[in-house]
Amino acid sequence: QVQPVESGGGLVQAGGSLRLSCAASGRTFSTYAKGWFRQGPGKAREFVAAISWTGGSTYYADSVLGRFTISRDNAKNTVYLQMNSLKPEDTAVYYCAAGTLVGTTLRPLGDWGQGTQVTVSS
């Protein structure tokens, strides 16, 4: 079982930046595609970004394209999400997941961590 552990969230003003990290314990994380999802207040969980297992392909939701960058370090079993030009609507709990790429999104395996809270003030 893969158990992701997200970190790096916090409170930031609009226009600011944060870098999220996600490490995995348990069986190897590195051979799967990985992605970030988020769940805002009163909203369903939504896809944010995904990266192939080699790191050669990346995919983004339209709402974050050009502002967020996903990357991974397989040697450390870690995936990152650099978030720039943050907006109040980016406020959410952010989760990472391993899974399979389906088109331009990620189908998660279903092993979710606790997430990390990102709050963007206006």
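As a basis for the values below, the full set of heavy atoms in this structure was taken, side chains included, without hydrogen atoms, waters or symmetry mates. Computed from a prediction, not measured in an experiment: that's the story for all the values here.
At least one side-chain heavy atom of Leu106 sits under 4.5 Å from a side-chain heavy atom of Phe47. Two residues are said to be in side-chain contact when any heavy atoms from C-beta on lie closer than 4.5 Å; Thr91 and Gln117 meet this criterion. Within the 4.5 Å cutoff, the side chain of Trp53 has no heavy atoms near those of the Leu101 side chain. Residues Arg38 and Ser63 meet the side-chain proximity criterion, which asks for heavy atoms closer than 4.5 Å. Two residues are said to be in side-chain contact when any heavy atoms from C-beta on lie closer than 4.5 Å; Met83 and Val118 meet this criterion.
Glu6 contributes no side-chain N or O that, together with a main-chain N or O of Leu20, makes up a donor-acceptor pair within less than 3.5 Å. Looking only at distances, a side-chain donor or acceptor of Tyr60 sits under 3.5 Å from a matching main-chain atom of Ile70. Of the possible polar contacts, one joining the Arg72 side chain to the Ser52 backbone as a donor-acceptor pair under 3.5 Å is found.
Between Ser122 atom OG and Lys87 atom NZ the span is 14.0 Å, to the nearest 0.5 Å. Rounded to the nearest 0.5 angstrom, Thr78 OG1 and Lys34 NZ are separated by 8.5 Å. Summarising the geometry, atom CZ belonging to Arg67 is positioned 10.5 Å from atom OG belonging to Ser17; distances are rounded to the nearest 0.5 Å.
The 12-atom threshold is exceeded at CZ of Arg45, counting heavy atoms of other residues, nucleotides or ligands nearer than 6.0 Å. Environment of CD in Glu89: crowded, with over 12 heavy atoms of neighbouring residues, nucleotides or ligands closer than 6.0 Å.
Note: the hydrophobic cluster containing Leu65 also contains Leu86 (ILVMFWY, side chain heavy atoms under 4.5 Å, direct or indirect links). Note on Tyr80: it does not cluster hydrophobically with Phe37, by side-chain heavy-atom contacts below 4.5 Å among ILVMFWY residues. Hydrophobic clustering of Ile, Leu, Val, Met, Phe, Trp and Tyr side chains at less than 4.5 Å, counting indirect connections, unites Val48 with Val12.
No close placement of the Trp36 and Phe68 rings is indicated, their centers lying 6.0 Å or farther apart.
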